[in-house]
Amino acid sequence: MNTNLRVDAARLWETIIETAKIGGTEKGGIKRLTLTDLDAQVRHWLIDKCTAAGCDVSYDDMGNIFARRPGKDNSLPPIAIGSHLDTQPTGGKFDGIIGVLAGLEVLRSLNDAGIETNAPIELIDWTNEEGARFAPAMLSSGVFAGVFSKDYAYEREDREGLRFGDELKRIGFVGAEACGAHKLAAHFELHIEQGPILEDEGKSIGIVTGVQGMRWYGVTVTGMDCHAGTTPMRMRQDALVAASKMIQVVQAIALAHGPDAVSTVGLIEARPNSRNVIPGEVFFSIDFRHPNDEVVAKMEKEVKDAFEKILLGTGISFTFECIWDSPAVHFDSDCIAAVERATTDLGLSARRIVSGAGHDSAYIAKVAPTTMIFVPCEKGVSHNEAESAEPAHIAAGADVLLQAVLATDARLAQKHPA
Ligand code: HGY
Ligand code: MN
Ligand code: MN
């Protein structure tokens, strides 16, 4: 382990501040929804920088960008560093972004140090990790891992009815390679924790051992549009009032399965959404998560039973569709060991942790040895424009990433000497 090798912390921070201008918001966050012109702009920025760093850059038919730094034996599958550049509508400067930019910094630091790895090293920008515009989340890493078909992904529509496939074509990122066609020797992802644990415990690094289970649902509640002034209360089939009672139950079920269960209704649309019309239809999303898949399944049954009871005899009906099911994931022990060893050699405070948030690594773990490295973010706040992380923590995370990649390259080289 060449543990006196360090990334250039200032250069890494500069790339974060530079790219944060692409979709930057007044409150200091980023709104850079996937497959928008802003996403295209940051993609071209990344391609330019990786090309300048001597990488061969390509992208596949899901728009995943691969920047490959050659090694001694380029017949070997690359060791990958991946994350995402798309954001939430009120996203921060760090979620996903530090994973891609730390990967670029690792490539640059290897160049500066004149290090030739045995296997190629490949930086990946995964398309549509957030699922904020095109549900579900982690769509393209999911296609890469064989969880979703490309056709399913291309048919996903945003709330304006635009198709993923059309938007990918519009920004010019439909690559020739079939998504999932090339193998990865390993996959590492640096990410902010997006929770309060590391900061609360004063730890610099989270050694991520896995990702909790999560499911997304779409619920449509159907009552009857009617005049707000002339319809007596006893005759109403008000879908929004019904939905409000149903949403209370979504929260109660997570509390009942606490402390680890979480539930969120993040998206709600009332129709016709007019001040003097009783809402006849409401659509809302549900996000259920728990480290144990059986508990998520129990929460799903309980919420459906509760909805039936709430609507019984009201004349109001509902449909309930599970649109995404990402079971709990356990990462690769060799990759975890490489991260743990790097934190020790670098003298960094660290603890093992399970990710509450979903990440592309959760799907890539199905097709390649994978793990993640977390760094703290201020008060655990994320998916919020105020998201904040310390330059020193991000640089430490990038140093761990660099060491873990080098250690993995050395370990695999013993198996496949060049
Ligand atoms: O939803 C998630 O957990 C991730 O941040 N996309
Ligand atoms: Mn993320
Ligand atoms: Mn996110």
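What you see is a predicted model; the values in this text were computed from it and never measured. Remember, it's 1-based here, ligands and their atoms both numbered in the order they're listed.
With the Mn ion (ligand 3) as the vertex, OE2 of E130 and OD2 of D95 span 80° to the nearest 10°.
For a heavy-atom separation below 4.0 Å, the residues in contact with ligand 1 are E129, E130, R289, A357, G358, H383.
Crowding of Q251 atom CD: a count of heavy atoms from other residues, nucleotides or ligands under 6.0 Å not exceeding 12.
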**Asked** Would D360 and H84 satisfy side-chain hydrogen bond (donor to acceptor under 3.5 Å, both in side chains), going step by step from the backbone distance to the final call?
**Response** CA-CA 8 Å; D360 293 309; H84 63 94; 5.5 Å; no

**Message:** As a quick check of understanding, evaluate side-chain contact (heavy atoms from CB on, under 4.5 Å) for Y152 and F164, giving each step before the final call.
**Reply:** CA-CA 10 Å; Y152 165 82; F164 179 98; over 6 Å; no

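Among the atoms of H359, none of the N, O or S atoms falls under 2.8 Å from the Mn ion (ligand 2).
H84 contributes NE2 as its N, O or S atom closest to the Mn ion (ligand 2).
Here the side chain of D409 pairs no donor or acceptor atom with the backbone of T117 at under 3.5 angstrom.
Taking the centre of each ring, F94 and H191 stay at or above the 6.0 Å mark.
Salt bridge D345/R341: present, at least one basic N to carboxylate O contact under 4.0 Å.
For the pair K309 and F307, the cation-pi criterion (under 6.0 Å, within 45° of the ring axis) is not fulfilled.
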